[in-house]
Amino acid sequence: GENVEQHPSTLSVQEGDSAVIKCTYSDSASNYFPWYKQELGKRPQLIIDIRSNVGEKKDQRIAVTLNKTAKHFSLHITETQPEDSAVYFCAAASGGSYIPTFGRGTSLIVHP
Amino acid sequence: SAVISQKPSRDICQRGTSLTIQCQVDSQVTMMFWYRQQPGQSLTLIATANQGSEATYESGFVIDKFPISRPNLTFSTLTVSNMSPEDSSIYLCSVVAGVGEQYFGPGTRLTVT
């Protein structure tokens with residue numbers, strides 16, 4: 001089955017800095033890569049996703065890149081704000097199932 | 001998107017008892033799932049709730065422990081049976097809508113004493 005590795009497990013940045021979270025996957029059939037943000041005590045929320053037919057996708061301060069050859073994808077957050085503090089999960093899904101395998105999560109802390 | 005509600009939001013239960021968690025979606029969806037999330041951990045898929053047929057369980061999860069019902073395309077229940085303290089966790093239902101986007105319910109925080 002699919003295996004998703006996520007790094008780092010904790011990321012601490014100053015407000016205004018950029019943050020990068022990296023994930024690798026093992027199944028070359030995976031073609032859908034969502035990212036979720038989970039604030040403390042809240043449900044995971046989809047913040048951005050990318051499909052295997054594109055290499056990069058951007059939504060305001062958030063961008064995701066995908067390297068299919070190397071089987072890795074990354075989340076980039078620019079101009080971080082304290083409200084970006086949360087746990088971020090990457091995931092990979094294959095075929096038509098859309099059942100993702102999740103990474104272990106990255107706890108992002110943005111210091112004001 | 002999809003609006004998902006869960007009941008109860010939290011419960012404290014005695015070991016050996018069972019708890020049934022309800023999940024309601026505001027629109028008909030084909031794919032509905034149940035996850036478990038232990039404190040500080042990632043999301044672990046328990047099973048896919050299939051409408052009109054038996055749920056599909058992931059490795060390590062069995063129907064006798066986690067029976068699931070899916071009577072229609074907007075509703076599902078998960079029962080945690082014969083509970084032990086190790087079952088203390090957050091249980092989340094989720095659905096896939098649109099073109100693969102997954103949405104989660106608010107979760108049920110279960111504590112077993």
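In what follows, chains are A, B, ... by sequence order, proteins preceding strands, each numbered from 1. Computed over heavy atoms, backbone and side chain alike; hydrogens, waters and symmetry mates excluded.
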Q | Pair B:E58, B:Y35: side-chain N/O donor-acceptor within cut-off below 3.5 Å | A | no
Q. Is chain A contacted by the side chain of B:L92, its backbone, both, or neither, given a heavy-atom distance below 4.5 Å?
A. side chain
Q) Given a strict heavy-atom distance threshold of 4.5 Å, which part of A:P34 is in contact with chain B: side chain, backbone, both, or neither? A) neither
Q. Can we say B:D87 and B:K65 salt-bridge, meaning some charged N sits less than 4.0 Å from an Asp/Glu carboxylate O?
A. yes
Q. Which of the residues B:G107, B:P106, B:S94, B:G40 is involved in the greatest number of heavy-atom pairs with chain A at under 4.5 angstrom?
A. B:P106
**Q.** Residue part contacting chain A, namely of B:F33, when any heavy atom lies under 4.5 Å
**A.** side chain
Q: Pick one of side chain, backbone, both or neither for A:Q45, based on which atoms fall under 4.5 Å of a heavy atom in chain B.
A: neither
Q. Non-hydrogen atoms of chain A under 4.5 Å away: do they reach the side chain of B:I90, the backbone, both or neither?
A. neither
Q) Between B:R109 and B:D11, does a salt bridge (charged side-chain N to carboxylate O under 4.0 Å, His left out) hold up when you go through it step by step? A) CA-CA 6 Å; B:R109 184 179 295 271; B:D11 207 342; over 6 Å; no
Q) Going by atom types alone, do B:Q6 and B:T108 pair a side-chain donor with an acceptor below 3.5 Å? A) yes
Q.
Determine whether the aromatic ring centres of residues A:W35 and A:F73 are separated by less than 6.0 angstrom.
A. yes
